[in-house]
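Report on the following structure.
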2 protein chains.
Amino acid sequence: MTKKSEPIERCDSHVIHEDVVNQVRKKMPQEEVLYDLAELFKVFGDSTRIKILWALDEAEMCVCDIAALLNMTQSAISHQLRVLKQAKLVKNRREGKIIYYSLDDEHVQAIFEQGLIHIKEDR
Amino acid sequence: MTKKSEPIERCDSHVIHEDVVNQVRKKMPQEEVLYDLAELFKVFGDSTRIKILWALDEAEMCVCDIAALLNMTQSAISHQLRVLKQAKLVKNRREGKIIYYSLDDEHVQAIFEQGLIHIKEDR
DNA sequence: TAAACATGTGAGCAATTGTTCATATGTTCA
DNA sequence: TGAACATATGAACAATTGCTCACATGTTTA
């Protein structure tokens with residue numbers, strides 16, 4: 001989306017602290033890394049998906065179970081599970097007709113943890 | 001958005017593992033907590049905001065600096081800074097005409113860290 | 001094999017989001 | 001005070017998103 005950074009020319013005209021800007025620019029990670037990071041957090045940025053992840057952190061569950069738990073359509077859950085799987089946060093295994101989902105990343109809990117710390121400070 | 005969880009009645013008809021569902025339901029945090037968590041991650045789920053946060057983790061910067069760094073409009077940056085401020089991730093101080101922004105949460109880095117761990121495993 | 005069942009998927013739609021543009025607000029300095 | 005400057009903000013618009021609905025896929029069992 002964002003263009004490769006061209007010579008400083010924006011903010012209408014004046015760059016206030018060119019030294020700071022250049023110094024920070026040197027330290028910025030690759031564009032792609034920041035983009036991927038945003039994509040990952042985007043997956044966490046929906047309460048349905050958060051609920052699914054939290055549930056799967058408690059137990060392996062099939063699609064129907066999750067739909068019942070969250071009082072949502074099987075289809076809606078299935079769509080979201082696809083997103084979670086693409087993000088490699090969730091994996092599944094088949095057992096007959098039933099497909100069981102579980103977490104595919106031991107860091108999900110750690111990410112939740114950090115988020116909760118922030119939230120709790122805001123009250 | 002989501003309704004308060006009513007008696008299990010979804011997934012068309014059959015609940016596959018009612019025991020698991022009930023057990024997991026007991027362990028689920030309050031609806032509101034999960035919602036707030038999603039809201040927080042939503043803020044992290046945009047590459048412009050990720051870049052801003054990363055930059056501010058390196059140095060305090062004014063709006064114009066950030067716009068120059070990211071090669072974006074002052075207005076666009078200002079809008080995003082508002083989002084970040086509402087999420088209490090960023091604070092500012094005024095010095096004459098110039099308003100300096102900086103991180104308002106020492107956990108931002110920790111959250112990035114966790115995200116990066118996940119991303120790096122996917123390669 | 002056909003019916004029943006569990007899940008996946010594409011199209012469509014309303015809601016949300018990120019940016020732009022024009023302009024408002026607030027500060028400094030001549 | 002008025003011009004210049006730094007930032008904030010509201011309206012508008014295109015793009016994205018999450019859900020629903022209808023139906024497809026794949027598995028079991030009678």
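Basis for what follows: all heavy atoms, side chains included, without hydrogens, waters or symmetry-related copies. Quick note on labels: first sequence line is chain A, next is B, and so on, each numbered from 1.
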Ignoring the backbone of [X], work out which of [options] is nearest its side chain.
X: B:Ile16; options: C:dA6, D:dC19, D:dA8; result: C:dA6
X: A:Arg94; options: D:dG26, C:dT7, D:dT9; result: D:dG26
X: A:Lys97; options: C:dT7, C:dG26, D:dG26; result: D:dG26

Taking only side-chain N and O atoms of [X], does any of them lie within less than 4.0 angstrom of OP1 or OP2 on [N]?
X: B:Arg82; N: D:dA8; answer: no
X: A:Ser75; N: D:dC21; answer: no
X: A:Thr73; N: D:dT20; answer: yes

5' precedence on DNA chain D between B:Ile98 and A:Val83 (nearest-nucleotide basis) | B:Ile98
When the nearest nucleotide of DNA chain D is assigned to A:Glu95 and to A:Glu39 on a heavy-atom basis, which residue is associated with the more 5' position?
->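 Per heavy-atom nearest nucleotide, the more 5' residue is A:Glu39.
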Fit a plane to each ring of A:Phe112 and A:Trp54, take the angle between them on a 0 to 90° scale, and name the class: parallel (under 30°), tilted (30 to 60°) or perpendicular (over 60°).
->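 Rings of A:Phe112 and A:Trp54: parallel, under 30°.
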On the 0 to 90° scale, with breaks at 30° and 60°, tag the A:Phe41-B:Phe41 ring pair as parallel, tilted or perpendicular.
->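 The arrangement is parallel - the two ring planes meet at less than 30°.
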Find the distance [X]:[atom1] to [N]:[atom2] and express it as a whole number of Å.
X: A:Lys42; N: C:dT17; atom1: NZ; atom2: C1'; value: 10 Å
X: B:Ile50; N: C:dG18; atom1: CD1; atom2: P; value: 12 Å
X: B:Arg49; N: C:dT19; atom1: CZ; atom2: C1'; value: 12 Å
X: A:Met61; N: C:dA6; atom1: CE; atom2: P; value: 15 Å
X: B:Met72; N: C:dC21; atom1: CE; atom2: P; value: 12 Å
X: B:Tyr100; N: D:dT7; atom1: OH; atom2: P; value: 8 Å
X: B:Ile66; N: D:dA8; atom1: CD1; atom2: P; value: 10 Å
X: B:Asn92; N: C:dT25; atom1: CG; atom2: C1'; value: 15 Å

Pairs involving residues 96-109 of chain A, ordered by first then second residue, that meet salt bridge (charged side-chain N to carboxylate O under 4.0 Å, His left out) (sequence neighbours left out) |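 Not a single pair qualifies under salt bridge (charged side-chain N to carboxylate O under 4.0 Å, His left out).
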Could you check whether A:His79 and the base of D:dC19 form a stacked pair, meaning centres closer than 5.5 Å and planes differing by less than 30°?
->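 According to the criterion (under 5.5 Å, under 30°), no, A:His79 does not stack.
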Could you tell me whether A:Glu121 and B:Lys88 make a salt bridge, using a distance below 4.0 angstrom between a side-chain N and a carboxylate O?
-> no
Looking only at N and O atoms, is any donor in the side chain of B:Gln74 or the base of D:dA8 less than 3.5 Å from an acceptor on the other one?
-> yes
Quick one: the side chain of A:Gln80 and the base of D:dG18, do they pair up donor-acceptor inside 3.5 Å?
->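 Check fails, no donor-acceptor contact within cut-off.
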Look at all strands and tell whether B:Lys85 reaches a base, only sugar-phosphate, or nothing, counting heavy atoms closer than 4.0 Å.
->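 No contact.
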Under 4.0 angstrom, heavy atoms only, what part of the nucleic acid is B:Tyr101 near: base, sugar-phosphate, or nothing?
->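 Sugar-phosphate contact only - B:Tyr101 comes under 4.0 Å of backbone atoms but never of a base.
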Side chain to side chain donor-acceptor pair (under 3.5 Å) partners of A:Gln80, counting only residues at least two apart | A:Arg49
Out of A:Asp57, A:Leu84, A:Ile52, A:Leu89, which residue meets the side chain to side chain contact (heavy atoms under 4.5 Å, CB included) rule with A:Leu103?
->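 Result for side chain to side chain contact (heavy atoms under 4.5 Å, CB included) with A:Leu103: A:Asp57.
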